[in-house]
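To find a chain, count down the sequence lines: A is the first, B the second, and so on, and within it residues start at 1.
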Number of protein chains: 2
Amino acid sequence: MRKITDRQKQVLEYICDFIDEHSYAPSIRDIQKHFGLKSTKGVKDHIDRLVEKGYLSRTEGTARALKVIRDGDKATRKVPLIGTVAAGLPLLAEENIEDYLPVSADMARTEGMFFLRVNGDSMINAAILDGDLVLVRPQPFVEQGEIAVVRIGDEATVKRFFRFNTRVELHSENPDYTPIVYSDEDEDIRIVGKVTAVFRTL
Amino acid sequence: MRKITDRQKQVLEYICDFIDEHSYAPSIRDIQKHFGLKSTKGVKDHIDRLVEKGYLSRTEGTARALKVIRDGDKATRKVPLIGTVAAGLPLLAEENIEDYLPVSADMARTEGMFFLRVNGDSMINAAILDGDLVLVRPQPFVEQGEIAVVRIGDEATVKRFFRFNTRVELHSENPDYTPIVYSDEDEDIRIVGKVTAVFRTL
DNA sequence: CTCCTACCTATACATATGTTTACTTATGAA
DNA sequence: TTCATAAGTAAACATATGTATAGGTAGGAG
């Protein structure tokens with residue numbers, strides 16, 4: 001990223017703070033007043049340079065149309081919490097959205113991701129506890145041994161997924177539970193997605 | 001929340017979408033054009049009513065100063081990741097901020113919260129693994145047995161905190177580690193804050 | 001029916017805001 | 001020195017945008 005002068009940095013910071021506080025960008029004259037300048041031109045120059053150098057974007061001729069371009073913008077994505085696993089939940093039914101949680105776009109890069117609340121202690125050795133939220137990326141496959149959300153009939157569970165010759169095994173991370181074994185061709189079992197993150201509130 | 005008409009709902013949705021796309025709010029005339037209206041007055045009326053009914057807030061006389069008031073706004077807070085625990089880290093030093101992660105404002109209600117990356121397996125039985133991020137609320141006390149970030153001299157650790165008569169005990173959640181015992185009055189030990197959430201990316 | 005509200009047109013008007021031209025001052029590089 | 005750039009003053013200018021006044025139509029509540 002190209003260098004900016006100290007003054008330009010001050011202006012950029014003021015714009016950031018202003019947007020943070022008001023939810024809309026400052027006008028050129030707002031900035032002018034803040035810095036005690038006697039002309040709008042100076043401000044305009046600063047903005048033009050910040051745009052040239054890639055720190056700001058704007059729509060010309062439009063009021064308060066400044067946007068700060070953040071370094072690898074930590075955008076947020078609202079991810080729906082759609083239910084609890086290990087209960088007979090109507091997966092992916094929009095009616096069942098309990099809440100939306102904002103998640104770093106880093107974590108939820110794909111469209112269609114969702115949260116499930118985990119019920120029970122079957123994954124306790126994978127450090128997923130009862131009540132934890134898992135972030136799921138929908139996909140029809142996972143790598144050997146990855147933690148997946150699997151639908152068996154009308155129920156869904158979180159398990160480690162293994163595929164061998166002609167069978168599929170779902171392993172709990174708890175010695176009290178024995179692996180669930182299915183035939184390779186059983187239509188009743190389907191991978192819903194891969195667990196990509198775990199969230200817990202204490 | 002007071003009811004709004006279908007038309008008002010349409011306008012509100014358009015405003016939401018516009019802000020989503022442009023990062024700045026539409027002008028009255030933007031909205032007018034979108035709905036194919038021939039006067040600005042109608043739009044103004046809608047906005048006034050949406051403000052009255054609590055769905056919008058605005059700064060009068062200011063261009064593009066609309067703000068959508070979201071239902072129990074799932075706002076986001078940028079929480080800094082300031083280092084790794086169990087290393088001799090200069091805690092809370094702003095220079096050490098590695099990154100900012102957006103977190104649901106529900107989780108980070110307090111000012112000054114921060115993330116620490118947990119190093120090691122000393123809390124494995126509390127389902128906090130090596131590499132997990134813990135969200136910390138700075139406070140000088142915790143309840144008996146809660147998980148806290150504690151500073152011992154120049155180092156910090158995550159441990160369950162217990163205070164007995166004249167001593168303080170820090171318990172790991174791993175049988176391989178023995179509790180650390182300190183005198184009640186030892187100046188060298190201090191509670192930094194309470195661990196309020198755990199985040200893990202798989 | 002009468003009154004009220006939602007919704008809309010038409011037409012101005014006031015001002016908030018972006019844009020531009022012309023100059024000045026200071027600083028550092030060539 | 002000479003040139004380029006950063007930063008700023010001054011004074012207009014153009015237009016984007018909010019606001020106001022005066023009506024008009026349709027439907028529901030009383």
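Rounded to 10°, the angle separating the first-five-pair axis and the last-five-pair axis of the helix from C/dC1-D/dG30 to C/dA30-D/dT1 equals 30°.
A distance of 9.5 Å separates NZ of A/Lys159 from CG of A/Asn174, quoted to the nearest 0.5 Å. In this structure, OG1 in B/Thr178 is found 10.5 Å from CD in B/Glu169, a value given to the nearest 0.5 Å. The distance from the CG atom of B/Asp121 to the CG atom of B/Leu129 is 9.0 Å, given to the nearest 0.5 Å. A distance of 5.5 Å separates CD1 of B/Ile152 from CG of B/Leu170, quoted to the nearest 0.5 Å. The distance from atom CZ of A/Arg160 to atom CD of A/Glu146, rounded to the nearest 0.5 Å, is 9.0 Å.
Under the 3.5 Å distance criterion, the side-chain polar atoms of A/Arg200 are matched with a main-chain donor or acceptor of B/Ala127. A side-chain donor-acceptor contact under 3.5 Å links A/Gln144 to the backbone of A/Arg163.
Counting non-hydrogen atoms of other residues, nucleotides and ligands closer than 6.0 Å to CG of B/Asp6 gives a total of 12 or fewer.
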Go along nucleotides 14-30 of chain D 5' to 3' and tag each nucleotide: B for a protein heavy atom under 4.0 Å from its base, S when only backbone or sugar atoms are that close, - otherwise.
--SBBBBB---------
Under 3.5 Å, N/O pairs linking protein and nucleotides 25-28 of chain C:
none

Contacts under 3.5 Å, N or O only, protein and nucleotides 3-7 of chain C:
| from | atom 1 | to | atom 2 | distance (Å) |
| --- | --- | --- | --- | --- |
| C/dC7 | OP1 | B/Thr5 | OG1 | 2.8 |
| C/dC7 | OP2 | B/Thr5 | OG1 | 3.2 |
| C/dC7 | OP2 | B/Gln8 | NE2 | 3.1 |

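Shown here are the salt bridge (Lys or Arg N to Asp or Glu O under 4.0 Å) partners of A/Glu13, two or more places apart in sequence or in another chain: there are none. Scored by the salt bridge (Lys or Arg N to Asp or Glu O under 4.0 Å) test, A/Asp30 finds A/Arg64 as partners (sequence neighbours excluded).
The CD-C1' distance, from B/Gln32 to C/dA10, rounds to 11 Å in whole Å. The separation between A/Leu37 atom CG and D/dA7 atom P is 11 Å, rounded to whole Å. The CD1 atom of A/Ile31 sits 15 Å away from the C1' atom of D/dG8 (whole-angstrom rounding). A/Ile4 has its CD1 atom 10 Å from the P atom of D/dA7, to the nearest Å.
Taking the six-membered ring where the residue is Trp, B/Phe115 and B/Phe199 present perpendicular rings, their angle passing 60° and hence far from 30°. Relative orientation of the B/Phe35 and B/Tyr14 rings is perpendicular, given thresholds of 30° and 60° on the angle between their planes. Between A/Tyr24 and A/His22, the ring planes are tilted. Angles from 30° to 60° get that label.
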